[in-house]
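See below for the structure under consideration.
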Amino acid sequence: MTATTTTTTTTDLYPTRGAAEVMTPRQDPVVWGTPTPALRSFERDGFLAVDELLPEDEVGVYQAELNRLVNDPAIRADERSIVEPKSQDVRSVFEVHRISEVFANLVRDERVVGTAREILGSDVYVHQSRINVKPGFGASGFYWHSDFETWHAEDGLPRMRTVSVSIALTENHDTNGGLMIMPGSHKTFLGCAGETPRDNYKKSLQMQDAGTPSDEALTTFADAHGIKLFTGKAGSATWFDCNAMHGSGDNITPFPRSNVFIVFNSVENTAVEPFAAPVRRPEFIGAREFTPVR
């Protein structure tokens with residue numbers, strides 16, 4: 001299968017959304033830059049946890065900005081806001097680095113973008129950014145998936161040269177729907193079964209459907225890699241590889257969980273046409289503006 005633009009044809013190294021699930025060994029490096037001890041850990045596990053990326057006073061600034069955005073009627077009415085199906089509360093706001101100068105400054109912060117450059121070995125741009133709100137008493141989780149599977153199938157990212165960072169703006173307990181990752185799962189690409197519906201993003205941003213691994217495949221991955229649950233205070237961060245199998249559970253506790261999520265892609269890995277979807281997703285979900293972060 002190939003993805004075609006007006007000038008190039010890109011070979012599909014990671015087939016997905018076919019008649020059956022397919023496991024493909026990773027064809028790309030994990031760390032594209034010069035390995036350091038921390039990055040060797042990232043290369044092995046597919047993630048890197050940082051206990052205190054942001055101090056308490058900075059966390060307060062970003063938490064206040066998150067609260068302002070999710071309570072702004074104009075932001076709620078914007079197509080970049082995703083609403084929780086049950087409560088009808090704002091669940092996520094996409095493209096926050098364009099909506100908010102506060103979050104734009106965070107993206108440009110060397111503690112953030114500098115690590116992305118080190119991992120990817122090049123200048124980077126923002127493929128996606130969003131704030132996530134998971135209030136207590138029933139906010140839904142997100143089922144197991146590889147981000148790269150979606151970004152490859154529906155956004156047209158050709159290679160695994162993309163990294164995400166999730167920065168906690170509230171404390172992550174072991175009970176309030178925190179991030180779970182299968183360490184080492186990033187070394188194998190799981191191509192999922194089933195075609196991609198047109199405008200699949202309208203449903204998948206609320207509940208994953210297309211691109212969902214089978215129970216059998218997830219059992220195989222979990223048996224091989226185990227599951228790591230991330231906890232930490234507000235200001236902690238988790239960097240994780242684009243192909244790491246991850247998910248999160250519902251939050252049925254009284255304790256909210258909010259975070260800012262930034263996806264950096266190498267400027268040498270810009271998106272082409274989708275590899276397994278009839279149309280591209282909107283640019284606020286999968287960027288087509290490839291200007292490096294400065």
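Predicted, not measured: the structure shown is a model, and the values here were computed from it.
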Is a salt bridge present between [X] and [Y], judged by a nitrogen-to-oxygen distance below 4.0 Å?
| X | Y | result |
| --- | --- | --- |
| Lys187 | Glu43 | no |
| Arg111 | Glu58 | yes |
| Glu268 | Arg161 | yes |
| Arg17 | Glu149 | yes |
| Glu95 | Arg80 | yes |

By ring-ring contact (aromatic ring centres under 6.0 Å, His included) - contacts of Trp151 (at least two apart): His127
Nearest-0.5 Å distance that lies between atom [atom1] in [X] and atom [atom2] in [Y]:
| X | Y | atom1 | atom2 | answer |
| --- | --- | --- | --- | --- |
| Gln63 | Asn259 | CD | CG | 10.5 Å |
| Phe94 | Glu79 | CZ | CD | 11.5 Å |
| Asp147 | Cys242 | CG | SG | 8.0 Å |

Could you report the tightest heavy-atom contact between [X] and [Y], atom names first, then the distance?
| X | Y | result |
| --- | --- | --- |
| Tyr125 | Val293 | CA-CG2, 4.0 Å |
| Thr16 | Ala153 | CG2-CB, 3.8 Å |
| Pro278 | Arg198 | CG-CA, 3.8 Å |

Common cluster, Val107/Leu69, ILVMFWY with side-chain heavy-atom separation under 4.5 Å: yes
Min side-chain heavy-atom separation [X]-[Y] under 4.5 Å:
| X | Y | result |
| --- | --- | --- |
| Phe42 | Ile119 | yes |
| Arg280 | Glu273 | yes |
| Asp12 | His152 | yes |
| Arg26 | Asn243 | yes |

Polar side chain donor-acceptor pair, Asp28 to Tyr14, under 3.5 angstrom: yes
His145 and His246 aromatic ring geometry - parallel, tilted or perpendicular at 30°/60° bounds: tilted
Sequence-distant partners of Arg40, salt bridge (Lys or Arg N to Asp or Glu O under 4.0 Å), two or more places apart: none
Can you give the donor-acceptor pairs under 3.5 Å from side chains of residues 218-231 to other protein atoms, not counting sequence neighbours?
| residue | atom | partner | partner atom | Å |
| --- | --- | --- | --- | --- |
| Thr219 | OG1 | Asp215 | O | 2.8 |
| Thr220 | OG1 | Glu216 | O | 3.1 |
| His225 | ND1 | Pro183 | O | 3.2 |

Atom CD of Glu56 with >12 non-hydrogen neighbours under 6.0 angstrom: no
Any donor-acceptor N/O pair, Arg257 side chain to Gly177 backbone, under 3.5 Å: yes
Main-chain N/O of Ser185 paired to Thr188 side chain as donor or acceptor, under 3.5 Å: no
